[in-house]
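Let me begin by presenting the structure, written as structure tokens, before commenting on it.
Lettering follows sequence order; numbering is per chain, from 1.
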Protein chains: 2
Amino acid sequence: MLKIQDVARHAGVSAATVSRVLNGRSTVNPELAARVHAAVRELGYRPNGVARNLRRRQTTLWAVLISDVGNPFFTSLVRGVEDGGRQFGYSVVLCNTDENRAREAEYIAVALADNMAGVIISPADDSTDISALVAAGTAVVTIDRELAETEVDAVLVDNEKGAEMATAHLLESGYRRIACITGPRRMSTAMRRLRGHQRALRAFGLPPDRSLIRHADFREEGGYSAMAALLDEGVEIDAVFAANNLMTVGAVECLTERGVAIPGQVGVIGFDDIPWARLFRPGLSTVRQPTYELGRAAAQLLADRIDNPARPAARMVLQTELHPRESSSPRTG
Amino acid sequence: MLKIQDVARHAGVSAATVSRVLNGRSTVNPELAARVHAAVRELGYRPNGVARNLRRRQTTLWAVLISDVGNPFFTSLVRGVEDGGRQFGYSVVLCNTDENRAREAEYIAVALADNMAGVIISPADDSTDISALVAAGTAVVTIDRELAETEVDAVLVDNEKGAEMATAHLLESGYRRIACITGPRRMSTAMRRLRGHQRALRAFGLPPDRSLIRHADFREEGGYSAMAALLDEGVEIDAVFAANNLMTVGAVECLTERGVAIPGQVGVIGFDDIPWARLFRPGLSTVRQPTYELGRAAAQLLADRIDNPARPAARMVLQTELHPRESSSPRTG
DNA sequence: GATTTCCGAGCAATCGATTTCCGAACATGG
DNA sequence: CCATGTTCGGAAATCGATTGCTCGGAAATC
């Protein structure tokens, strides 16, 4: 592989000058610069990024820690981060943590060891420890979820409002016994969405009913079993609000399997969109989160923080959109 | 940040010894090794990966070049690659190329500049130029698609057989005027799937009919317009085989919009599974590709090639699975 | 014309770990 | 007891680019 020294020799200048020409941090005689550029072209020289990274003490890599790209929510989010990263000259390292704290810690260690310029993380847990990153001065943006301990940039959606919209929509459509299948208690998103749900009920003048609230794991199986439990226990319900996409699918599967008509017997709405939800049977009503935009925004914040480490922590909150489809059609009779 | 020298001093040995202990390439007095380990733990030392990469002239990064993670086919594939990579100690850099050759070249340049250990690529085009990678000795595995020019490891599915299964299934279900919406002529996968389709027709004794064959772009819009064209031109059809997941969705949307009953008036089957296809209206029949396994296999091959650059190029072909659902129910009457 | 200022180019130090090479210490065999 | 072999620690070179510092020369000023 060619080195900067070779280019310097070929152009009849010093390596330092070549570097300056290529990085443009200092002015160089235009004629020399032209010679350098010509030499680079003729030799087909490509700077060694690793050496540059060593000297600059920073790479052009971002780590994106999410639970699973397989979840459409994160798929689109990651795509947003990647597009944003590319725009600013960063590459994105994909880190699936499966909500597993050990795996998360592992990837944080990698980000640190490899001197990554920044980390975008959707913490597995509100108590995920990112102190090592902060201590090392690595730029961090949390996405979708917040951290209890540390003050870092965060990109969020208005979970409470979104959930409130979902439940309010069900109420307006005539549903009254609305179950809520939300996520684990330790996750802020789950709690916020539950709170939004409850707020809508209260605003409508309905009393809270603990038997209608279920905590599951944000996964398909979780949604399925929570739904099954509601049915098995004979809890009287006429609708269900599931707090994320996978649990919505699980709940729908359970209802379908048991021959419960949607929305005839039970109306359904889910938080978070699902690709091609309109092609489902029935078309699934959802509260869409701006997932791609979330990723873009995180990229923006991260790039900015890298250039500007002292800036106080920012907090962006994006809004959701109600997409009513057949699964929550107005109740008849 | 702590350096190896600090650890050496703290443990009362030389930096070389610390390195040997940590990398285990040479034997070190157990007692000293213990002291080194203790020092590492006490100081919380973390080796600088960039410096190591510079010296070793290789990083622990893989680039994965695909058209778009948003496509469920690639989502799952990428997940497979990531799981495989982690197992072998590599991190995965996500590179969405959008079938865009410029973007592809850009990412290849990044992979080269950053000394990435390997590249897994689903080439935008059968003539994608990876010679620079080969010249630099970077390990390369192509996935899903093959390259015309270069001999490199490849992980493929049996496209011809899969497509044959799909069309044969339609024929067995009583469909006779089967349209085929395949991909661009320049892509080997598109042509293979078309050939499989035609083989099934031939085996069944049906004459080829050019008016039933459409080339689209492997995207939702492409499937939609191809389907629309078929309907607008009044081509007589009773079923359609779409050669990938997105075009299947597009075709179904077109049919649904125009009130064409599936499978009543037109049966549908698609190549490549779609998440939750069973929840669609109607449940979509598909030929499932082992996408996750494809990713795992590519990771395996890549890791192996990195350790063993001289090995002759391997070619793995995985099989598909037919998943008949309602959209291709046996034709009645 | 002499002195000061300023600009830009090059030398050399630096980033931090790995690895080659050399020499010391110790063991083993004759 | 010496010769030979073996093991292992440490000094120093190396990977390749960036950048602080220095100094020469041109321009500006009096």
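- Taking 4.5 Å as the limit, every side-chain heavy atom of A/Arg315 sits out of range of all side-chain heavy atoms of A/Asp153.
- Within the model, atoms CG of B/Asp144 and CZ of B/Phe73 stand 3.5 Å from one another, a figure rounded to the nearest 0.5 Å.
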Original post:
Where do A/Arg296 and A/Gln87 land on the side-chain hydrogen bond (donor to acceptor under 3.5 Å, both in side chains) test, with the steps shown first?
Top reply: CA-CA 10 Å; A/Arg296 283 302 284 249; A/Gln87 189 186 321; 2.8 Å; yes

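- Rounded to whole angstrom, the span from the CG atom of A/Asn115 across to the P atom of D/dT18 amounts to 16 Å.
- Within 3.5 Å, no donor on the side chain of A/Arg52 pairs with an acceptor on the base of D/dG16, nor the reverse.
- At whole-Å resolution of the value, CD1 in A/Ile4 and P in C/dG10 are 12 Å apart.
- What you find for B/Pro290 and B/Leu318 is that their closest heavy atoms are CG-CB, 3.8 Å.
- Side chains of B/Arg35 and B/Asn29: a donor-acceptor N/O pair is absent below 3.5 angstrom, by distance only.
- Regarding A/Leu54, its CG atom lies at a distance of 7 Å from the P atom of C/dG16, rounded to whole Å.
- The interatomic distance linking A/Gln58 (CD) with C/dG16 (C1') rounds to 16 Å, in whole Å.
- The distance between atom NZ of A/Lys3 and atom P of D/dG16, rounded to the nearest whole Å, is 5 Å.
- Backbone-only engagement by A/Val28 is indicated by non-hydrogen atom pairs under 4.0 Å involving sugar-phosphate atoms exclusively.
- Protein atom CG of B/Asn53 is 12 Å distant from nucleotide atom C1' of C/dT18, rounded to whole Å.
- Phosphate contact (OP1/OP2 of D/dT18, side-chain N/O of A/Asn23, threshold under 4.0 Å): present.
- Among the protein residues, B/Val13 comes within range of the sugar-phosphate backbone only, with heavy atoms under 4.0 Å from sugar or phosphate atoms but none that close to a base.
- Rounded to whole Å, atom C1' of C/dA25 lies 15 Å from atom CD of B/Glu31.
- Nucleotide D/dT29: paired with C/dA2 (Watson-Crick or G-U wobble, both distances less than 3.5 Å).
- Remark: C/dG30 base-pairs with D/dC1; criterion is Watson-Crick or G-U wobble with both hydrogen-bond distances under 3.5 Å.
- The side chain of B/Leu32 lies closest to D/dG9 when the candidates are C/dC11, C/dG16, D/dG9.
- Of all nucleotides present, only C/dG16 satisfies the Watson-Crick or G-U wobble test against D/dC15, with each distance under 3.5 Å.
- For B/Arg57 and D/dG16, a side-chain-to-base donor-acceptor distance below 3.5 Å is absent, hydrogens and geometry of angles not being considered.
- If you measure from atom CZ of B/Arg20 to atom P of D/dC8, you get 10 Å, rounded to the nearest angstrom.
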Subject >> salt bridge (Lys or Arg N to Asp or Glu O under 4.0 Å) between A/Asp98 and A/Arg103, intermediate numbers included >> reply: CA-CA 8 Å; A/Asp98 290 325; A/Arg103 179 112 26 112; 3.0 Å; yes

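- Between the base of C/dT18 and the side chain of B/Arg56 there is no donor-acceptor pair shorter than 3.5 Å.
- Residue A/Tyr45 has no polar side-chain atom (N or O) positioned under 4.0 Å from OP1 or OP2 of D/dG16.
- The residue among B/Ala51 and B/Thr27 whose nearest nucleotide of DNA chain D is located toward the 5' end is B/Thr27.
- Side-chain nitrogen and oxygen atoms of B/Thr17 include at least one within less than 4.0 Å of the OP1 or OP2 phosphate oxygen of D/dG10.
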